[in-house]
Amino acid sequence: MGEVLVGTASWTDKTLLASGWYPPDVTTPEDRLRYYASRFPLVEVDSTYYAPPAEQTARLWAQRTPPRFIFDVKAFSLLTCHPTRPAALPKDLREGLDPAGKNLYVRDLDSAIVDAVWERFVSALLPLEDAGKLGAVLFQFPRWFPIGKHNKLYILECKRRCEPLRISVEFRNRTWMSEENQDETLDFLRSYAIPYVCVDMPQGHPCSIPPVLAATADLEVVRFHGHSDKWTSRDIYERFGYRYSSEELKEWAPKLCELAGHTSATHVLMNNCYRDYAQTNAGQLADLLKNMPACTVRPPPATPVRHPD
């Protein structure tokens, strides 16, 4: 039975800060991270999707969190085939580009620039890896990324380019997990020991992926996106503003424990990030898992731990 780590996707969302979840005296980014890490053993960094992180930032994340705290990190949008703002690229790599110009894709850039983006992205996360605090780099591919040889090869390229960091993969194109392709997809990921990111999300949309729990590596990741009836809204708070009921979480707990029986570690992340919904549901789910027979849940430290920066 592998260990289960429960956390949330983000600790800095503006609606979370306004919700009152943080104590009144916890007001700085440093103190918020320390406080969060006293409540949960795992967090997902989503800001790295919008812009590559700085190495010093990752070093501070490592220093400001207790031993065995884990960060999962979302891959930069350019690397996951999403449109990317020119201004999100490092300043020295966007010479000749209009920072306010149209969104870019990998295919729009010189290969030397793409290589540099990869190298800097990976290098920036090495402080977390060196500290033993990096779980996986999440590659969430878009709805226009269907199953096929070309895209399988790109996933393997992502795996190679990220070494020594490990990657995990989440799909938003239904062809990967359709009834006829599901076994092929999972066998492909399993053959390269790439964690499949299981999702709970609204169904009936072009990007909907069924909630299939499957172990394809010694690490597995499960992300909860909620069931908002406004999933197609451009307002992210309407899309993810969903609070899971106790009954829904009770249905998930035994399934997660069963998945953990096939892995060394299972990362469970609440991505219903609106106000304190994710933090509340993550705490409820962790409590349920603790009471499941033979389910090992990693506890957070009892109090914030301070490390010199």
Side-chain angles (χ1 to χ4, degrees), residues 44-46 48-53 72-86 88-90 93-94 97 102-126 129 134-178 180-199 201 205-210 212 214-221 223 225 267:
E44 179 182 284
V45 182
D46 287 347
T48 48
Y49 171 81
Y50 301 100
D72 283 353
V73 178
K74 205 168 185 182
F76 180 40
S77 59
L78 187 75
L79 309 180
T80 57
C81 306
H82 283 88
T84 300
R85 297 177 299 106
L89 296 175
L93 296 183
R94 57 176 189 253
L97 299 175
K102 67 177 183 178
N103 288 334
L104 301 169
Y105 293 85
V106 167
R107 64 176 180 267
D108 300 322
L109 297 172
D110 184 271
S111 60
I113 295 178
V114 175
D115 290 344
V117 171
W118 272 107
E119 291 166 6
R120 294 185 192 186
F121 181 81
V122 172
S123 177
L125 297 178
L126 289 178
E129 175 74 6
L134 182 66
V137 180
L138 168 64
F139 280 78
Q140 185 189 78
F141 292 107
R143 62 183 184 275
W144 52 85
F145 189 87
I147 191 172
K149 181 179 180 180
H150 176 79
N151 287 340
K152 285 182 179 179
L153 289 175
Y154 186 70
I155 291 172
L156 296 182
E157 180 183 351
C158 293
K159 181 179 185 294
R160 175 183 60 80
R161 288 211 190 230
C162 271
E163 291 175 351
L165 315 181
R166 116 177 280 170
I167 73 168
S168 62
V169 171
E170 178 177 339
F171 299 112
R172 286 293 175 86
N173 183 290
R174 65 174 65 184
T175 60
W176 291 93
M177 294 302 287
S178 66
E180 60 269 27
N181 293 333
Q182 187 177 125
D183 288 344
E184 177 186 341
T185 295
L186 296 176
D187 286 345
F188 163 69
L189 296 175
R190 197 171 286 122
S191 65
Y192 293 98
I194 300 173
Y196 169 67
V197 178
C198 312
V199 294
M201 66 183 298
H205 302 281
C207 64
S208 295
I209 300 295
V212 175
T216 58
D218 62 333
L219 166 68
E220 276 310 310
V221 183
R223 301 179 79 230
H225 299 305
H267 292 182

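Along the sequence shown, residues carry numbers from 1.
Partners of R94 according to the side chain to side chain contact (heavy atoms under 4.5 Å, CB included) rule, which considers only residues two or more places apart in sequence or in another chain, are L89, K91, L97, P99. Listed by chain and residue number, D92 satisfy the salt bridge (Lys or Arg N to Asp or Glu O under 4.0 Å) test with R120 (two or more places apart in sequence, or in another chain). Among residues two or more places apart in sequence or in another chain, the side chain to side chain donor-acceptor pair (under 3.5 Å) test is passed with S168 by none. Among residues two or more places apart in sequence or in another chain, the salt bridge (Lys or Arg N to Asp or Glu O under 4.0 Å) test is passed with R172 by E170. Remark: S77 engages T84 in a side chain to side chain donor-acceptor pair (under 3.5 Å) (not counting sequence neighbours). With sequence neighbours excluded, the residues forming a side chain to side chain contact (heavy atoms under 4.5 Å, CB included) with S178 are E180, N181, listed by chain and number. With sequence neighbours left out, the salt bridge (Lys or Arg N to Asp or Glu O under 4.0 Å) criterion links E119 to no other residue. Remark: S123 engages no residue in a side chain to side chain donor-acceptor pair (under 3.5 Å) (not counting sequence neighbours). By the salt bridge (Lys or Arg N to Asp or Glu O under 4.0 Å) test, E44 is found to be paired with R223, residues two or more places apart in sequence or in another chain being considered. With sequence neighbours left out, the side chain to side chain contact (heavy atoms under 4.5 Å, CB included) criterion links P142 to C81, H82, W144, F145.
Without hydrogens or angle criteria, T48 side chain to K74 main chain gives a donor-acceptor distance under 3.5 Å. Proximity of a side-chain donor or acceptor of R143 to a complementary backbone N or O of F171 within less than 3.5 Å is not detected. N103 contributes no side-chain N or O that, together with a main-chain N or O of P83, makes up a donor-acceptor pair within less than 3.5 Å.
Between F76 and P53, the closest side-chain pair of non-hydrogen atoms is not below 4.5 Å. Looking at V45 and D72, their side chains never come closer than 4.5 Å, going by heavy atoms from C-beta outward. Within the 4.5 Å cutoff, side-chain heavy atoms of L125 are placed close to those of V137.
Of the listed residues (D110, I113, L109), just one forms a side-chain contact (heavy atoms from CB on, under 4.5 Å) with L93, and that residue is I113.
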In a table with atom names and distances, give each donor-acceptor pair under 3.5 Å that connects a side chain of residues 159-166 to protein atoms at least two apart or in another chain.
{"unit_1": "R161", "atom_1": "NE", "unit_2": "E157", "atom_2": "OE2", "d": "3.0"}
{"unit_1": "R161", "atom_1": "NH1", "unit_2": "D115", "atom_2": "OD1", "d": "2.9"}
{"unit_1": "R161", "atom_1": "NH2", "unit_2": "D115", "atom_2": "OD1", "d": "3.1"}
{"unit_1": "R161", "atom_1": "NH2", "unit_2": "E157", "atom_2": "OE2", "d": "3.2"}
{"unit_1": "R166", "atom_1": "NH1", "unit_2": "D218", "atom_2": "OD1", "d": "3.1"}
{"unit_1": "R166", "atom_1": "NH2", "unit_2": "D218", "atom_2": "OD1", "d": "2.8"}

Considering only distance and modelled atom types, tabulate donor-acceptor pairs under 3.5 Å from the side chains of residues 189-198, sequence neighbours left out.
{"unit_1": "R190", "atom_1": "NE", "unit_2": "A215", "atom_2": "O", "d": "3.2"}
{"unit_1": "R190", "atom_1": "NH1", "unit_2": "D187", "atom_2": "OD1", "d": "3.1"}
{"unit_1": "R190", "atom_1": "NH2", "unit_2": "A215", "atom_2": "O", "d": "3.1"}
{"unit_1": "S191", "atom_1": "OG", "unit_2": "D187", "atom_2": "O", "d": "3.3"}
{"unit_1": "S191", "atom_1": "OG", "unit_2": "F188", "atom_2": "O", "d": "2.7"}

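Contact between A75 and F121 at its shortest, heavy atoms only, is CA-CZ, 3.7 Å. Residues Y154 and L79 come closest through the heavy atom pair OH-O, 2.7 Å.
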